[in-house]
J.: 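To start, I am sharing the structure in question, which I have written as structure tokens.
Because only heavy atoms are used, hydrogens play no part in the values below, and waters and symmetry mates are left out as well, while side chains stay in. A note on names: the letters A, B, ... follow the listed sequences, proteins ahead of strands, and every chain is numbered from 1. These numbers come from a predicted model, not from an experiment.
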Protein chains: 2
Amino acid sequence: MPETARREDRPADRAPDRASGTRYGNRPTMKDVAARAGVGLKTVSRVVNGEPGVTADTERRVQEAIEALGFRRNDSARVLRKGRTASIGLVLEDLADPFYGPLSRAVEEVARAHGALLINGSSAEDPDREQELALALCARRVDGLVIIPAGDDHRYLEPEIKAGVATVFVDRPAGRIDADVVLSDNFGGARDGVAHLIAHGHRRIGFIGDMPRIHTAIERLRGYRAAMEDAGIAVEDSWMSLGVTDPERVRRAAEEMLSGPDPVTAVFTGNNRVTVTVIRVLAGLPRPVALVGFDDLELADLLQPGVTVVAQDAAALGRTAAERLFRQLDGTHLSPERIELPTRLVQRGSGEVPPSA
Amino acid sequence: MPETARREDRPADRAPDRASGTRYGNRPTMKDVAARAGVGLKTVSRVVNGEPGVTADTERRVQEAIEALGFRRNDSARVLRKGRTASIGLVLEDLADPFYGPLSRAVEEVARAHGALLINGSSAEDPDREQELALALCARRVDGLVIIPAGDDHRYLEPEIKAGVATVFVDRPAGRIDADVVLSDNFGGARDGVAHLIAHGHRRIGFIGDMPRIHTAIERLRGYRAAMEDAGIAVEDSWMSLGVTDPERVRRAAEEMLSGPDPVTAVFTGNNRVTVTVIRVLAGLPRPVALVGFDDLELADLLQPGVTVVAQDAAALGRTAAERLFRQLDGTHLSPERIELPTRLVQRGSGEVPPSA
DNA sequence: CTGAAAGCGCTTACAG
DNA sequence: CTGAAAGCGCTTACAG
């Protein structure tokens, strides 16, 4: 007999059939199952959770009632009683950014391995929105939080962390609190990338990066400066540009440092979005300009020339952070740590272009 | 006085200080706040929820208690009582695929506008995993579900939908149940793309697509066949290849149809991953071969030649689906609908290459 | 093997 | 304006 034919069996005193979906529609509960199977509530609970101590016959009766009613345990109620929600939150900058896709997926896989679901949100690089999201996730009592911070003050999380919410920052460190963080070696990666350009004969090298309140932007700029200093090159202010990464500003910045009497002969770009815009600018120039970009790009190897990049392992960042999170949740008290993942210089052509005369 | 100095004020009968984080660590509840402020539970609830009917003085006392204890409302408990969880689930194929990033982000934005959080999961194109995920989300009592289906039988969702879980399928239709679905015009897009190649003089045109159990793969193949038929071209079996989209198989398929005595002079690729692999194959060939790909790619315009594509609007798919979902949740009963979004042919060069002799 | 009672942390529906 | 009681749907801790 079809499940739906049984709907009227449900106790009449339960939610009336109002259209507007209060009470999750009108779902059967363990109590309904117990009544139908003629057993106690606890017995239903045992069957649903696969606990021992139920005779085969009782179990069968309960199973039948479950199927007839279309019962599905309300984990929301379960969670309230048990304490752990088996869900973790991920606050990132923008789900649509190709850098965060693999990172999210890696976090998700680790969560899945631990039986947890992932709640995801984009801060859109807005500190207020980051806070709003993180606190909303805490109110839902996620067991832990993986945060790619937009802001630089995370004291708002102190009570939550104290209350037991595991927290790991990724890609950028926490601000004004002591917390686990998993980073790429932004400084070293940028330094190596710029040193690579220097090794290929460049001295006038431009740097176009993200807003200076972003940690990675500062670190990469620091790497640029270090490489230049190591080579004894005095950096001119007009070679550096930090700011929002929208195509308009980046295009202007690139055009400025590439024009005038003493243009740069090479550019180091501070992230994937900047790199893409600069590639477009360079494609319109009559002379070749060398380019090394931070972050890898799909199809980068197929461009002419191929784009030399300092690649981060986004998936490894996510995986490492999530694993650390669950280690925290395992109960062992860990003191906050800073984990740094190496970057990799991938030579494809654009970084090996010599300076044009 | 610092918040932490107040921790010992919490009633001693509440959770002991065990290290392993049961009971969400050791969080204060409304009851604790009420006790500290010397008011009733309901008054705390009123203040926390900004309900009227509390004198300024009482409100101040409650607020003080809230801050001193570091109280944050447990939405998990709230949800149990209220019926709606203000969260929706998104089951997609792979968070790391660049096609799903913008789609997820769009769903998230709509959810946010409705005050809901997004729980995200990847099916990895595995029907069992899709089901497991979707049902886990239902057990968490998400208000609604946006599903990019991997399987072709969704009868398992019938009890959930009947129980009030709003459901919208995206990118591919539901199997064996009647549900809302938001699709791109896969058939028309593929037909136009192939017709474009024909208009540029090609007759021997290859098609490389995804596994034939995937709806979009079938529709795009159908579009290919329709365009060929419209032009009076008899398609040879060796021109078509459907299967997993891993680079190995796609590469072999492309190489096969591009070799032999009568190779194809143009290729139509069935999705972004296939396109990327085929671009690599074509880059290694001595003669030019025309290419039109389904799905747009970042940097596609910067390749030589630029890649002509049939572009879908991934963000519009996500937005439309999520809006439909919340329309369902608004209570008006809507009969299942099929919404089709147009695709756009973007000419960039590769699709305008003439047949080589 | 089985189940009644209490409780998780809130909101609802009342009563004062 | 304020609050005590009941209840959301489960699990826990017992007792039989």
Side-chain angles (χ1 to χ4, degrees), chain A residues 10-11 13-16 18 21-35 37-62 66 69 71-86 138-141 163, chain B residues 10-11 13-15 21-35 37-62 66 69 71-86 138-141 163:
Chain A
R10 241 180 277 146
D13 64 334
R14 297 199 60 256
R18 260 163 293 188
T22 40
R23 296 264 113 266
Y24 315 114
N26 186 9
R27 306 196 71 136
T29 69
M30 280 195 184
K31 204 171 146 195
D32 299 329
V33 174
V39 300
L41 190 56
K42 178 60 195 168
T43 299
V44 176
S45 175
R46 286 202 179 86
V47 172
V48 168
N49 295 304
E51 287 168 25
V54 182
T55 58
D57 184 59
T58 309
E59 170 156 10
R60 192 184 40 69
R61 287 215 324 281
V62 171
I66 287 174
L69 296 174
F71 169 80
R72 182 170 315 285
R73 183 182 65 198
N74 184 337
D75 280 354
S76 208
R78 173 168 221 243
V79 140
L80 179 61
R81 195 63 240 255
K82 289 204 83 101
R84 285 247 176 130
T85 57
C138 290
R140 299 292 175 105
R141 296 296 187 267
Chain B
R10 241 179 278 146
D13 64 334
R14 297 200 59 256
T22 41
R23 296 262 115 266
Y24 316 113
N26 186 7
R27 306 195 72 135
T29 69
M30 280 193 183
K31 204 171 147 196
D32 299 329
V33 174
V39 301
L41 190 57
K42 178 60 195 168
T43 299
V44 176
S45 174
R46 286 201 180 87
V47 172
V48 168
N49 295 304
E51 287 168 26
V54 181
T55 58
D57 183 59
T58 308
E59 170 156 9
R60 192 185 40 68
R61 286 215 324 281
V62 171
I66 287 174
L69 296 174
F71 169 79
R72 182 170 315 284
R73 183 181 65 197
N74 184 337
D75 280 354
S76 207
R78 173 168 222 242
V79 141
L80 179 61
R81 194 64 240 253
K82 291 204 83 102
R84 286 246 176 133
T85 57
C138 290
R140 299 294 174 105
R141 296 295 188 267

J.: Are any of B:S45's side-chain N or O atoms less than 4.0 Å away from OP1 or OP2 of C:dT11?
T.: yes
J.: Which one, C:dG9, C:dC10, D:dC10, comes nearest to the side chain of A:L80?
T.: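 For A:L80, the side-chain atoms sit closest to C:dG9.
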J.: Please give, in whole Å, the distance from C:dC10 P to A:R140 CZ?
T.: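 Between P of C:dC10 and CZ of A:R140: 14 Å.
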J.: Let me know the distance between CG of B:L41 and P of C:dA15, rounded to the nearest Å.
T.: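 Nearest whole value for this atom pair: 19 Å.
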J.: Classify A:N49 by what it touches in the nucleic acid, base, sugar-phosphate, or nothing, heavy-atom distance under 4.0 Å.
T.: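 Here A:N49 touches the backbone only, sparing every base.
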J.: To the nearest angstrom, how far is B:F71 atom CZ from C:dG9 atom P?
T.: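 Roughly 10 Å, once rounded to whole Å.
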J.: Looking at C:dA4, which nucleotide sits across from it as a Watson-Crick or G-U wobble partner, both distances under 3.5 angstrom, or is there none?
T.: none
J.: So if I take every side-chain heavy atom of A:T43 and compare against D:dC10, C:dG3, C:dC10, which nucleotide ends up nearest?
T.: C:dG3
J.: In whole Å, what is the span from the CG atom of A:L69 to the C1' atom of D:dG9?
T.: 15 Å
J.: C:dG9 P sits how many Å from A:R141 CZ, rounded?
T.: 9 Å
J.: Select base, sugar-phosphate, or nothing to describe what B:V48 touches, counting heavy atoms under 4.0 Å on all strands.
T.: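 No contact at all - B:V48 keeps every heavy atom at 4.0 Å or more from the nucleic acid.
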J.: Round to a whole Å and report the spacing from CG of A:N74 to P of D:dG7.
T.: 18 Å
J.: State plainly whether the residues A:D75 and A:R78 are in salt-bridge range, i.e. N to O under 4.0 Å.
T.: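 Judged by the 4.0 Å cut-off on N to carboxylate O distance, A:D75 and A:R78 do not form a salt bridge.
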J.: C:dG3, C:dG9, C:dT12: which one has an atom nearest the side-chain heavy atoms of B:K82?
T.: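 Shortest atom-to-atom distance from the side chain points to C:dT12.
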J.: Closest approach to the side chain of A:R81, judged atom by atom: which nucleotide of D:dA6, D:dT11, C:dG3 is it?
T.: D:dT11
J.: Distance check: side-chain N/O of A:T58 vs OP1/OP2 of C:dT2, anything under 4.0 Å?
T.: yes
J.: Using purine N1 to pyrimidine N3 plus N6-O4 or O6-N4 for Watson-Crick, or N1-O2 and O6-N3 for G-U wobble, both under 3.5 Å, which nucleotide pairs with C:dA13?
T.: none
J.: Is the shortest side-chain N/O distance from B:T55 to OP1 or OP2 of D:dT2 below 4.0 Å?
T.: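 For D:dT2, OP1/OP2 do have a side-chain N/O of B:T55 under 4.0 Å.
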J.: Which listed nucleotide (C:dC8, C:dA4, C:dT11) is nearest to the side chain of A:K42?
T.: C:dA4
J.: At 4.0 Å (heavy atoms only), tell me whether B:R46 reaches a base, stays on the sugar-phosphate, or touches nothing.
T.: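 Touches a base.
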J.: Any donor-acceptor pair under 3.5 Å linking the side-chain atoms of B:R73 with those of B:N49?
T.: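 Yes.
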